[in-house]
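Quick note on labels: first sequence line is chain A, next is B, and so on, each numbered from 1. The structure presented is a predicted model; accordingly, all values stated were derived computationally and were not measured.
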Protein chains: 2
Amino acid sequence: MANLKLTTDETKAWMGLIKAQQHLTGKVEEKLKKNGLPPYSWYDVLLELDKAPEGSLRLNELGKKVLLNKYNVTRLIDRLEKEGLASRNACPVDGRGKVACITGKGRMLRQKMWPVYYNVIKEHFLSQFNAGQLGQFIECIDRINSQFKN
Amino acid sequence: MANLKLTTDETKAWMGLIKAQQHLTGKVEEKLKKNGLPPYSWYDVLLELDKAPEGSLRLNELGKKVLLNKYNVTRLIDRLEKEGLASRNACPVDGRGKVACITGKGRMLRQKMWPVYYNVIKEHFLSQFNAGQLGQFIECIDRINSQFKN
DNA sequence: CCTTATTAGCTGCATATGCAACTATAATAA
DNA sequence: TTATTATAGTTGCATATGCAGCTAATAAGG
């Protein structure tokens, strides 16, 4: 139990990060909605499935990748399944497990969402950096994320 | 409609930011919960009220500060009011308006939440930077946030 | 082998959030 | 002034999320 105070810079850095993220994800959700598309969380899992071999992943692995706890993975896959964007199948090697698999329709939806998402990234994030500055930013962010690796 | 591709670095920067934020806010919520304390959103508005002159703010101003839309401000203040952490009063200068005011109990709760929050910031964020690196990070973050000022 | 502990996933209930519609007041325009 | 439009805040209903408890299957320990 020490000082319990942050310097001005420390506060600026932390609050800046929080606010930047709120603004940026807000923009993403706003633009997706405006285009009649589902929320970012759907994109996130569709992308992970799309990238995965066979377009399929165990639910627990999926949860780790998109940082969702198990009951939220269950329910998100419920919704995707209901919309025909993914299917859920028994896992061949583990009797407890389930495997989510992206459908053709799911891959198409992801492709339709991408340009909208891309534009936000470009316009509200990348536009603020030149190549060197981007490198600097990556260094900083990697520093934070290194502690969470695995 | 242009290229629609991100370079490796661009992807690393963007995804890194998203993941960093998810990890960090996840930690904050986790630690608050573990200590039997309310979620971060409560802290956020209690802090804004605490900082404000008279400990009070119009609901719409509060909403802008904490980046919540109006119905969520209404309901968050509902909850704070129910717990005796804030009160809601008519606005003297605008018949439509309401003013939220933090109570003594509210100020005390914020003080109790702060060490928990502080520790996450210190341990999972500041610990990754020295002074120079922190300065660099602020530069980057300010670049992003400058577009959202006001 | 049998017992116990752990893990994967699902579900009921409570709470939180988003959306659209609504009331009341204020600001603007005619 | 009156009519129109915009803003502040609330609410009903639908959806999403968190929590705790549950089943079924695997893993670990005796």
Side-chain angles (χ1 to χ4, degrees), chain A residues 22 25-46 48-49 56-83 85-101, chain B residues 22 25-46 48-49 56-83 85-101:
Chain A
Q22 289 179 337
T25 60
K27 274 286 171 213
V28 171
E29 299 292 359
E30 173 194 329
K31 292 297 171 71
L32 286 172
K33 194 165 306 171
K34 193 164 290 178
N35 286 78
L37 293 166
Y40 172 72
S41 57
W42 290 34
Y43 184 87
D44 207 7
V45 333
L46 287 176
E48 290 300 337
L49 291 177
S56 63
L57 278 176
R58 283 287 296 276
L59 295 202
N60 57 347
E61 292 170 10
L62 183 56
K64 276 174 214 154
K65 284 184 194 288
V66 300
L67 300 184
L68 276 183
N69 39 24
K70 43 192 193 162
Y71 49 87
N72 279 326
V73 174
T74 295
R75 282 155 171 167
L76 190 35
I77 296 295
D78 283 349
R79 284 169 236 148
L80 297 184
E81 209 178 6
K82 192 178 306 181
E83 300 295 326
L85 303 165
S87 65
R88 181 181 346 218
N89 312 290
C91 175
V93 304
D94 184 338
R96 297 164 300 182
K98 293 287 169 61
V99 176
C101 184
Chain B
Q22 290 178 337
T25 61
K27 274 285 170 213
V28 171
E29 299 292 0
E30 173 195 327
K31 291 299 170 70
L32 286 173
K33 194 165 305 173
K34 194 164 290 178
N35 285 79
L37 293 165
Y40 172 72
S41 57
W42 289 34
Y43 184 87
D44 208 6
V45 334
L46 287 176
E48 290 300 337
L49 292 177
S56 64
L57 279 175
R58 283 286 297 274
L59 295 200
N60 57 347
E61 292 169 10
L62 183 55
K64 276 173 213 154
K65 284 184 193 289
V66 300
L67 301 184
L68 277 183
N69 39 25
K70 45 191 193 161
Y71 48 87
N72 279 326
V73 174
T74 294
R75 282 157 173 166
L76 190 37
I77 296 295
D78 283 349
R79 284 170 236 146
L80 296 184
E81 210 178 5
K82 192 178 307 182
E83 300 294 327
L85 303 165
S87 65
R88 179 179 351 216
N89 312 290
C91 175
V93 304
D94 184 338
R96 298 164 298 183
K98 293 287 168 62
V99 177
C101 184

Q: Do any side-chain nitrogens or oxygens of B:Thr74 fall under 4.0 Å of OP1 or OP2 in D:dT10?
A: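 For D:dT10, OP1 or OP2 has a side-chain N or O of B:Thr74 closer than 4.0 Å.
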Q: Can you measure B:Arg58 atom CZ to C:dA26 atom C1' for me and round it to whole angstrom units?
A: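 Distance check: B:Arg58 CZ to C:dA26 C1' gives 11 Å.
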Q: Kindly indicate whether the side chain of B:Val28, heavy atoms from C-beta on, has any atom under 4.5 Å from the side chain of B:Tyr43.
A: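 Contact flag for B:Val28/B:Tyr43 side chains = no.
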Q: Any side-chain heavy atom of B:Tyr40 within less than 4.5 Å of one from B:Thr25?
A: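 No, their side chains stay 4.5 Å or more apart.
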Q: For each nucleotide in nucleotides 16-22 of chain D, reading 5' to 3', give B when a protein heavy atom comes within less than 4.0 Å of its base, S when such contact involves only the sugar-phosphate, and - otherwise.
A: SBBB---
Q: Work out which heavy atom in A:Ala86 is nearest to a heavy atom in A:Leu49; give both atom names and the distance.
A: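 It is CB-CD1, 4.4 Å.
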Q: Look only at the side chain of B:Asp94 and the backbone of B:Arg96, and say whether a donor-acceptor pair between them is shorter than 3.5 Å.
A: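 Indeed, once roles are kept as given, a pair shorter than 3.5 Å links the two residues.
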Q: D:dG9 C1' sits how many Å from B:Leu57 CG, rounded?
A: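 About 16 Å, once rounded to whole Å.
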Q: Could you list the residues that satisfy salt bridge (charged side-chain N to carboxylate O under 4.0 Å, His left out) with B:Lys27, not counting sequence neighbours?
A: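 B:Lys27: salt bridge (charged side-chain N to carboxylate O under 4.0 Å, His left out) contacts with B:Glu30.
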Q: For DNA chain C, which residues in residues 87-99 of chain A have a heavy atom at a distance below 4.0 Å?
A: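 Correct list: A:Arg88, A:Arg96, A:Gly97, A:Lys98.
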Q: Rounding to a whole Å, what distance do you find between B:Glu29:CD and C:dT15:C1'?
A: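 Answer to the nearest Å: 14 Å.
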Q: Are the side chains of A:Leu76 and A:Ser41 in contact, using a 4.5 Å heavy-atom criterion?
A: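 In contact.
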Q: Apply side chain to side chain donor-acceptor pair (under 3.5 Å) to B:Glu81 and list each qualifying residue two or more places apart in sequence or on a separate chain.
A: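 For B:Glu81, the residues satisfying side chain to side chain donor-acceptor pair (under 3.5 Å) (neighbours in sequence not counted) are B:Arg88.
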Q: Taking only distance into account, with no hydrogens and no angle test, what donor-acceptor pairs under 3.5 Å do side-chain atoms of residues 56-65 of chain A form with protein atoms, sequence neighbours excluded?
A:
none

Q: Would you call B:Leu32 and B:Pro39 a side-chain contact if the rule is heavy atoms closer than 4.5 Å?
A: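 They are not in contact (no side-chain heavy atoms under 4.5 Å apart), so the answer is no.
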Q: Could you tell me how far apart A:Leu59 (CG) and D:dA25 (C1') are, to the nearest whole angstrom?
A: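 From A:Leu59 CG to D:dA25 C1': 15 Å.
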Q: Could you check how far CG of B:Leu62 sits from P of D:dT10, rounded to whole Å?
A: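 Value for this atom pair: 12 Å.
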Q: Just how far, in rounded Å, is P of C:dT25 from CG of B:Asn60?
A: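 To the nearest whole Å, that distance equals 17 Å.
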Q: Enter the inter-axis angle for the ends of the helix from C:dC1-D:dG30 to C:dA30-D:dT1 (five pairs per end, rounded to 10°).
A: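 End-to-end axis angle for the helix from C:dC1-D:dG30 to C:dA30-D:dT1: 30°, rounded to 10°.
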Q: Round to the nearest Å and state the distance from A:Lys82 atom NZ to C:dC10 atom P.
A: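 Checked: the NZ to P distance equals 14 Å.
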Q: Please identify each residue that fulfils side chain to side chain contact (heavy atoms under 4.5 Å, CB included) with A:Tyr71, with sequence neighbours left out.
A: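 Partners of A:Tyr71 by the side chain to side chain contact (heavy atoms under 4.5 Å, CB included) criterion, ordered by chain and then number, come out as A:Asn69, A:Arg75.
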Q: Determine the minimum heavy-atom distance between A:Ala90 and A:Val99, stating which atoms define it.
A: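 Shortest heavy-atom separation between A:Ala90 and A:Val99 comes out as O-CG2, 4.4 Å.
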